[in-house]
Amino acid sequence: MIFRKLELVFFWGLALLAGGCLTSENTPAENRKFERLFCWGRPTSEAVAERYAAAGVTDIMVGNRKQYDLARKYGMKAYWGCFTPAGPHRQVMSPEEEKLQAYLTGKDLDPKMPRAERMKILHKRRIEKQHRYGGEPVREIDVICRDIPCFISDEDLALSRKKLDQMMANAPDGAAGMFLDYFGYMNNRGCYCEKCLAKYRKYLAENKLKDKPENRTAFYREKLAEYYNKVIDYIKSRHPDYKIAVHVYPDFRNDHLYGNRTKADYCGQTVSWYFKFDEAKIRKYTKFVIAHAKDHFPNVEGLPFIGLSADPGSSLGYKTPAEVEHDLRTILSAGGRTVMVCNGHDILKPGYFEVFRKYCVRK
């Protein structure tokens with residue numbers, strides 16, 4: 001009799017669990033919510049911090065003590081600053097890539113030209129060249145419109161450790177961790193300085209490989225992930241309690257979703273860039289980012305990342321509030337429960353604020 005009761009209890013327990021799962025799966029997307037919202041913005045004032053919190057932001061970057069205190073006051077986890085790569089010199093690209101970057105950054109323009117006039121010209125040029133700001137390129141050649149140091153040549157992280165030490169020395173007690181960004185190559189492919197090419201040749205020789213595109217891709221991807229992990233290891237050696245949140249950017253051509261090769265606690269990978277992705281792609285990328293987050297390291301959480309630009313006149317791209325809502329609903333229906341957003345300040349703009357408040361809930 002006792003065993004029969006135990007069987008019934010076990011049976012009904014399974015039924016309840018199954019019912020719960022079915023209820024979750026069948027819940028309409030508009031009724032699902034994100035449990036965490038990582039924001040690439042800063043709480044620059046009391047009003048801004050309050051509005052971020054009201055929009056559902058749970059994790060945010062801060063740059064000074066005032067911003068840190070505001071984030072904490074409004075219940076947000078505060079990450080101390082954003083570390084970007086360090087290196088002894090700027091990365092080197094091919095002559096054609098260098099020429100394109102010079103054109104897209106207006107190196108030929110009069111430096112005394114008014115900023116508004118200059119930006120109008122640059123936006124026109126970037127639209128003409130279908131520039132993607134580090135997102136997946138749509139042309140054979142695209143570049144980043146800013147200089148990134150050659151981190152491969154930063155031997156033993158000598159410069160990176162110095163930069164990190166300075167940042168961590170100023171961090172307040174209680175900081176949640178740090179953000180990392182702009183880890184990547186200016187041309188989405190690799191750096192062609194003499195030091196990098198020498199290491200590439202050594203890599204080919206040691207592995208008995210030929211100089212082929214797939215081997216070049218493997219080398220530069222390996223060096224990129226290696227740099228991420230060395231930086232993360234160094235931060236953790238000083239602050240084991242820190243959580244590291246990364247935005248995997250710029251895009252690495254041929255392997256867009258390589259971020260799970262990093263040890264980051266929260267790995268934001270693009271499922272919808274500033275330029276609109278179609279629904280099938282958003283769904284596919286979201287499922288991959290979540291399902292494969294722990295392929296290489298057990299403590300990584302994959303975060304779907306959305307690029308948000310609320311300026312219809314910018315070459316960065318533009319999404320209406322309705323389009324952002326569509327993206328969020330698609331991510332939710334694909335299993336996403338955490339999301340990362342940049343530009344963070346655009347979350348606060350009318351129309352967009354209401355969308356995020358609708359789909360993001362703070363516990």
Side-chain angles (χ1 to χ4, degrees), residues 40-42 61 82-153 163 179-193 196 220 224 227 246-256 258-259 268-270 272-277 305-319 340-346:
W40 285 84
R42 300 188 186 215
M61 179 172 60
C82 173
F83 175 81
T84 56
H89 56 261
R90 171 186 177 276
Q91 291 176 15
V92 175
M93 301 184 290
S94 71
E96 191 175 4
E97 291 163 346
E98 295 283 2
K99 182 179 178 181
L100 176 60
Q101 195 209 41
Y103 179 72
L104 294 177
T105 55
K107 290 183 180 178
D108 59 316
L109 300 177
D110 183 352
K112 297 180 181 179
M113 179 183 294
R115 187 178 186 281
E117 184 179 347
R118 179 185 184 84
M119 290 310 301
K120 184 177 180 180
I121 294 173
L122 293 183
H123 282 309
K124 183 178 179 180
R125 289 182 176 186
R126 293 170 185 180
I127 291 170
E128 168 208 339
K129 295 295 185 180
Q130 294 180 287
H131 177 53
R132 285 297 180 263
Y133 287 88
E136 294 181 20
V138 294
R139 295 170 64 107
E140 181 59 27
I141 294 179
D142 198 3
V143 296
I144 303 300
C145 285
R146 65 175 280 176
D147 292 340
I148 301 177
C150 176
F151 52 83
I152 296 177
S153 299
K163 185 176 178 181
F179 275 24
L180 309 181
D181 198 16
Y182 269 102
F183 282 47
Y185 304 106
M186 290 159 53
N187 58 5
N188 307 297
R189 299 176 189 272
C191 173
Y192 306 141
C193 74
C196 287
Y220 282 109
L224 179 51
Y227 181 69
V246 307
H247 169 204
V248 178
Y249 172 73
D251 177 71
F252 183 66
R253 185 169 289 204
N254 300 323
D255 192 356
H256 305 301
Y258 67 90
Q269 299 203 74
T270 301
S272 179
W273 195 233
Y274 298 94
F275 298 90
K276 293 184 283 290
F277 284 5
F305 173 93
I306 292 180
L308 170 57
S309 172
D311 180 2
S314 172
S315 56
L316 179 59
Y318 171 67
K319 292 176 185 173
M340 178 180 278
V341 179
C342 185
N343 296 318
H345 59 269
D346 282 339

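Position 1 is the first residue of the sequence, and the numbers go up from there. What you see is a predicted model; the values in this text were computed from it and never measured.
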Going by atom type alone, with no hydrogens or angles, which donor-acceptor pairs under 3.5 Å involve a side-chain atom of residues 134-141 and a protein atom two or more places apart or on another chain?
{"from": "E136", "atom 1": "OE1", "to": "K281", "atom 2": "NZ", "distance (Å)": "2.9"}
{"from": "E136", "atom 1": "OE2", "to": "Y285", "atom 2": "OH", "distance (Å)": "2.8"}
{"from": "E140", "atom 1": "OE2", "to": "R189", "atom 2": "NH2", "distance (Å)": "3.1"}

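- Remark: R253 engages no residue in a side chain to side chain donor-acceptor pair (under 3.5 Å) (not counting sequence neighbours).
- The list of salt bridge (Lys or Arg N to Asp or Glu O under 4.0 Å) pairs with a residue in residues 104-120, not counting sequence neighbours, reads D108-R125.
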Carefully, step by step, assess F277 and T270 under the rule side-chain contact (heavy atoms from CB on, under 4.5 Å). CA-CA 10 Å; F277 284 5; T270 301; 4.2 Å; yes
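- Taking N254 as the reference, T217 meet the side chain to side chain contact (heavy atoms under 4.5 Å, CB included) condition, with sequence neighbours excluded.
- Side-chain atoms of S94 come within 3.5 Å of backbone N or O of E97 as a donor-acceptor pair.
- For the side-chain hydrogen bond (donor to acceptor under 3.5 Å, both in side chains) criterion with S315, the lone passing option out of K129, H123, Q130 is H123.
- A 4.5 Å side-chain heavy-atom check between D311 and L316 finds every atom pair outside the cut-off.
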Go through it in stages, so that I can follow the logic: the residues are C145 and R126, the test is side-chain contact (heavy atoms from CB on, under 4.5 Å), and I'd like the CA-CA distance, side-chain angles, deciding distance and then a yes or no. CA-CA 10 Å; C145 285; R126 293 170 185 180; 3.8 Å; yes
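- Annotation: side chain of P85 is not in contact with side chain of L180 (no heavy-atom distance under 4.5 Å).
- Considering every non-hydrogen atom in both Q269 and V248, the closest pair reads CG-CG2, 4.0 Å.
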How far apart are the C-alpha atoms of I121 and L109, what are their side-chain angles, what is the distance that settles it, and do they pass the side-chain contact (heavy atoms from CB on, under 4.5 Å) test? CA-CA 9 Å; I121 294 173; L109 300 177; 4.1 Å; yes
Apply side-chain contact (heavy atoms from CB on, under 4.5 Å) to residues L308 and N343 and explain how you reach the verdict. CA-CA 5 Å; L308 170 57; N343 296 318; 5.5 Å; no
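- Expressed to the nearest 0.5 Å, how far SG of C82 lies from OH of Y182 amounts to 9.5 Å.
- One finds no salt bridge joining D142 and R132 here, because no Lys/Arg side-chain nitrogen approaches an Asp/Glu carboxylate oxygen to under 4.0 Å.
- One distance of note links CG of L122 with CD1 of I127; it measures 11.0 Å at 0.5 Å rounding.
- Not counting sequence neighbours, E128 has no partner by the salt bridge (charged side-chain N to carboxylate O under 4.0 Å, His left out) test.
- Taking every heavy atom of both residues into account, I144 and P250 meet most closely at CD1-CB, 3.4 Å.
- Between atom OG1 of residue T84 and atom CG of residue D181 there is a gap of 8.0 Å, rounded to the nearest 0.5 Å.
- Residues satisfying the side chain to side chain contact (heavy atoms under 4.5 Å, CB included) test with C342, not counting sequence neighbours, are W40, Y274, F305.
- Taken to the nearest 0.5 Å, the OH atom of Y185 stands 14.0 Å off from the CE atom of M93.
- Atom OH of Y103 sits about 9.5 Å away from atom CG of L100, to the nearest 0.5 Å.
- Of all non-hydrogen atoms in D346 and S309, the two that sit nearest each other are OD2-CA, 3.5 Å.
- With F183 as reference, Y227 is the one residue of F252, Y227, Y249 to meet the ring pair (Phe, Tyr, Trp, His ring centres under 6.0 Å) rule.
- F83 has its ring centre no less than 6.0 Å from the ring centre of F179.
- For the atom pair NE2 (H89) and SG (C193), the distance works out to 3.5 Å, reported to the nearest 0.5 Å.
- Using a 4.5 Å cut-off on side-chain heavy atoms (C-beta onward), R90 and D147 make contact.
- Put simply, the side chain of M186 does not reach to within 4.5 Å of the side chain of C191, judged on heavy atoms.
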Should H131 and Y133 be marked as a ring pair (Phe, Tyr, Trp, His ring centres under 6.0 Å) after you check the CA-CA gap, both sets of side-chain angles, and the distance that decides it? CA-CA 6 Å; H131 177 53; Y133 287 88; 4.5 Å; yes
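- The heavy-atom pair separating K319 from S272 by the smallest distance is NZ-OG, 2.8 Å.
- In this structure the side chain of I152 never reaches within 4.5 angstrom of the side chain of Q91, judged on heavy atoms.
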